Amino acid sequence: MSIRWRLTAWYSGILFVTLLLFSLAVYGFVHLYTYDELKSRIQQQYNKIRPVVSINADDGGLVFIPDRSSVLRMEEADFYVQTYTYHNQKAWQSDNMRLRGLEYEVPSMEDGQKQRGFKSIHVSGNPFLIYQDYVVLPNTGQVYGWLQVGAYTGTSENTLDRLQSILIMGTLATLITASTLGLFLARKSMKPIQKVADAANQIQKGTDLSVRIEYDGPQDEIGSLIGTFNDMLSRTESFYKELDDAYAAQRRFVSDASHELRTPLTTIRGNVDLLHKIWTGPQGDRPDLDEETLRQISAEAIGDISDEAKRMTRLVTDMLSLARADTGQTFEKVPIALQPLLIEVIRRAQFLPKTAAWSAGDLSSLNGVYVEGNRDYLQQMLFIFIENGFKYTPEGEVSLDVVLYRGQVGIRVADTGIGMAKDEVPHIFERFYRADQSRGATEGTGLGLSIAKWIIDVHGGSVEVVTKLGEGSTFIVWLPAIFAPPLE
Ligand code: ADP
């Protein structure tokens with residue numbers, strides 16, 4: 001059973017019970033009020049009747065008829081009075097009874113005791129409420145007859161019947177109207193929920209996460225449910241997009257990595273084949289060269305193998321760093337004094353293979369400046385920029401200096417080397433990207449700057465590049481600085 005039907009059923013059920021109780025209460029109250037009032041009036045009249053007892057002329061027995069004047073008063077009030085004398089077994093009726101030929105049934109002597117009090121009876125098909133009791137001799141207590149006072153209850157019964165019909169019809173009509181309206185309202189309020197279910201179904205069946213539920217109603221429970229659902233869809237959509245992008249990047253990375261690894265492997269295999277042919281192959285396969293030349297060729301082949309192995313080691317190390325970065329791995333960070341760190345980097349940089357001059361600026365402004373970071377990773381990152389500077393500067397100068405600006409410390413590595421074209425700059429931090437002029441001219445994996453960027457990101461920093469083709473490049477790494485009292 002759907003919610004709207006259940007809601008309607010509950011609502012109608014509760015309404016029905018309420019109406020039923022209400023109707024019963026109204027009917028009961030009116031019934032009680034009508035009959036109670038009538039009863040007390042009958043009782044009053046009964047008490048007012050003054051019985052007149054006389055001696056029967058024929059047999060000398062006691063005969064009983066009420067005082068005429070008291071009965072007349074009662075007749076005006078529409079009371080029907082009957083007396084019955086056991087002695088002569090005769091009944092006396094008030095005029096209004098006699099006129100209509102009405103007669104109450106008289107209880108027998110035996111079960112008279114049970115018949116005392118109020119009774120609802122029918123006389124000639126007409127409903128009456130009567131009060132009846134023995135008439136006894138005051139001094140002896142002997143029962144000699146009955147006094148019965150009644151009132152016609154047809155009018156009250158009709159009124160009560162009409163009330164009953166009105167209540168039944170009213171209850172039914174209210175119930176039908178309320179159920180129909182209730183069903184309509186339940187359907188109307190369930191409609192947006194149906195929309196949510198449809199949208200969820202659509203998503204579950206297909207892959208379209210761009211579905212949104214349109215709703216321009218008030219911001220009630222349903223409005224907020226739809227809002228939450230739409231937000232959830234947006235988040236899921238962007239999450240899937242990120243996942244998709246990450247997956248695509250991963251695929252690109254794997255395919256680039258295998259491509260990059262294939263080149264050194266091919267070189268190694270070629271050289272190994274050559275060595276194999278020279279030194280272990282059949283005599284006829286050997287190049288027809290003298291021993292000295294063969295040794296020289298072999299030495300070159302071994303040198304190539306060694307270079308390529310080094311290149312592969314570098315490549316694999318870099319890839320490993322990036323793979324770790326991709327898994328969201330970070331490193332422990334502690335406040336690090338920048339000045340000693342940079343002094344160490346500058347010292348070690350002078351031993352790097354280079355064709356350009358190396359110079360360092362004044363670091364005194366860094367006294368008391370710290371960064372929250374990891375010493376090894378910060379050094380690795382700076383060496384990537386410095387090594388690149390040397391690699392891409394055939395002659396000229398590579399320099400390092402620092403600037404402090406708005407709570408940030410900028411470490412600037414500038415060179416006067418080959419520089420880059422403007423359209424290449426946005427790509428240099430991508431994995432395996434190497435600018436055209438660098439390919440072939442210098443050795444590299446195209447991963448260095450990706451690793452540097454990751455390290456900068458984890459330190460909450462940023463990097464700025466200024467470059468001009470043929471004139472050189474400047475990289476500024478900005479890191480959030482912590483200022484402490486100077487060390488000396
Ligand atoms: P690579 O191993 O090729 O140096 P990187 O990721 O370190 O890889 O650099 C990506 C590319 O950015 C380089 O191939 C080069 O074209 C360009 N590049 C990086 N640093 C410099 C620089 N100092 N001068 C000119 N080009 C640079």
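All values derive from a computational prediction rather than experimental measurement. Read the numbers this way: they start at 1 and go in the same order the structure lists the ligands and their atoms. Starting from 1, each residue takes its place in the sequence as its number.
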Report, as yes or no, whether the 6.0 Å neighbourhood of atom [atom1] on [X] holds more than 12 heavy atoms from other residues, nucleotides or ligands.
X	atom1	result
Phe22	CZ	no
Arg235	CZ	no
Met232	CE	yes

* Between the candidates Phe432, Phe429, Tyr392, Tyr433, which shows the shortest non-hydrogen contact distance to atom 1 (P) of ligand 1? ->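 Looking at heavy atoms only, Tyr392 sits closest to atom 1 (P) of ligand 1.
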* **Shortest reach to atom 8 (O) of ligand 1 by a heavy atom, considering only Gly446, Gly444, Ala435** =>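 Nearest heavy atom to atom 8 (O) of ligand 1 lies in Gly446.
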For [X], is the nearest heavy atom under 4.0 Å from an atom of ligand 1?
X	answer
Ser473	yes
Phe475	yes
Glu387	no

Looking at [Y] and [X], is any side-chain nitrogen of the basic one under 4.0 Å from a carboxylate oxygen of the acidic one?
X	Y	value
Arg311	Asp307	no
Asp318	Arg314	no
Glu237	Arg212	yes

* Please work out whether any backbone atom (N, CA, C, O) or any side-chain heavy atom from C-beta onward of Asp415 is under 4.0 Å from ligand 1, and answer side chain, backbone, both or neither. =>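 The answer is the side chain of Asp415.
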* With backbone taken as N, CA, C and O and side chain as the heavy atoms from C-beta onward, which portion of Met420 lies under 4.0 Å from ligand 1: side chain, backbone, both, or neither? ->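 The answer is the side chain.
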* Reference residue His459; test ring-ring contact (aromatic ring centres under 6.0 Å, His included); the match among Tyr377, Trp454, Phe331 ->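 Going through Tyr377, Trp454, Phe331 one by one, the ring-ring contact (aromatic ring centres under 6.0 Å, His included) with His459 is satisfied by Phe331 alone.
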Using a strict 4.0 Å cut-off to heavy atoms of [X], name the atoms of ligand 1 that fall inside it.
X	result
Lys391	1 (P), 2 (O), 4 (O)
Gly419	25 (C)
Leu447	6 (O), 8 (O)
Thr445	2 (O)

* To do: Looking only at non-hydrogen atoms, find the nearest pair between Ile42 and Leu129 and report the distance.
  =>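 Closest heavy-atom pair between Ile42 and Leu129: CD1-O, 3.3 Å.
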* Asked: N/O of Ser450 under 3.5 Å from N/O of ligand 1, yes or no?
  ->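 N/O-N/O distance below 3.5 Å does not exist for this pair.
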